[in-house]
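Read the structure below first, then the notes.
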Amino acid sequence: MGVADAFDMIGRAGLLIDRYGRVLRCNRHAEGYIGTHLLISRGEVSCFLSQETNDLRKMVHGLCFGLDRISAGVRSVVIAGKGRRPLLVQGVALENGPAIISQRRGPCC
């Protein structure tokens, strides 16, 4: 089993983000949220609402550049979605590598 296979098996939607904040890969669970909650264009992730996009990018930037490793920055963002239930997106910094943004299961809001 390779890294890509393991990434698909995490049971949650996930995006691998490089150290510059660009999307490297999204797993099969995340593909269901592309176009309903998230947009990806030229490697940048965004949302339908500009405030959500700003919040999401702040979270990614903080994780990628180590600005909020402990507690200072946003670690989760709620994305309203297009006619769907809200999606709670959480950011996790990986040691010496990219960040993962993953959907948390269960109700939110």
Side-chain angles (χ1 to χ4, degrees):
M1 170 172 39
V3 173
D5 295 324
F7 187 51
D8 278 334
M9 293 175 63
I10 63 173
R12 294 182 178 192
L15 301 175
L16 284 177
I17 308 292
D18 70 12
R19 63 184 174 160
Y20 303 107
R22 297 267 196 222
V23 176
L24 294 174
R25 185 180 187 299
C26 63
N27 69 10
R28 60 185 168 88
H29 300 289
E31 290 172 0
Y33 295 104
I34 306 301
T36 61
H37 292 84
L38 301 171
L39 303 166
I40 299 175
S41 177
R42 296 183 183 146
E44 281 195 79
V45 65
S46 62
C47 308
F48 290 97
L49 300 176
S50 62
Q51 184 58 52
E52 291 175 351
T53 296
N54 291 339
D55 293 344
L56 185 62
R57 288 183 178 165
K58 280 182 195 174
M59 180 183 72
V60 169
H61 187 268
L63 289 165
C64 291
F65 295 101
L67 303 177
D68 65 349
R69 290 276 182 210
I70 307 276
S71 63
V74 176
R75 291 294 191 149
S76 61
V77 176
V78 175
I79 308 298
K82 201 173 173 182
R84 306 277 178 131
R85 286 183 55 196
L87 177 70
L88 177 62
V89 177
Q90 294 179 308
V92 179
L94 300 177
E95 189 68 31
N96 297 321
I100 292 180
I101 300 174
S102 65
Q103 170 262 340
R104 183 177 183 187
R105 292 186 175 192
C108 74
C109 305

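Between Val89 and Met59 the shortest side-chain heavy-atom distance falls below 4.5 Å.
Within the structure, the salt bridge (Lys or Arg N to Asp or Glu O under 4.0 Å) test picks out the following pairs touching residues 44-54 (sequence neighbours left out): Arg22-Glu44, Glu44-Arg57.
Smallest separation of non-hydrogen atoms from Asn27 and Ala13: OD1-CA, 3.6 Å. Between Leu38 and Cys47, the shortest heavy-atom distance links the atoms CD2-SG, 4.1 Å. Looking at every heavy atom in both residues, Leu87 comes nearest to Tyr33 through CD1-CE2, 3.6 Å. What you find for Ser76 and Leu88 is that their closest heavy atoms are CB-CD1, 3.9 Å.
A distance of 3.5 Å separates CD1 in Ile40 from CD1 in Ile34, rounded to the nearest 0.5 Å. Distance OG1/Thr36 to CD1/Ile79: 10.5 Å, rounded to 0.5 Å.
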*Report the C-alpha separation of Ile17 and Val23 in whole Å, then their side-chain angles, then the decisive distance to 0.1 Å, and conclude whether the side-chain contact (heavy atoms from CB on, under 4.5 Å) test is met.*
CA-CA 5 Å; Ile17 308 292; Val23 176; 3.8 Å; yes
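Remark: Cys26 engages Leu15, Ala30, Glu31 in a side-chain contact (heavy atoms from CB on, under 4.5 Å) (not counting sequence neighbours).
Each of Leu39 and Leu56 belongs to its own hydrophobic cluster when Ile, Leu, Val, Met, Phe, Trp and Tyr are linked at side-chain heavy-atom distances under 4.5 angstrom.
Using modelled atom types, one side-chain atom of His37 and one backbone atom of Arg85 make a donor-acceptor pair closer than 3.5 Å.
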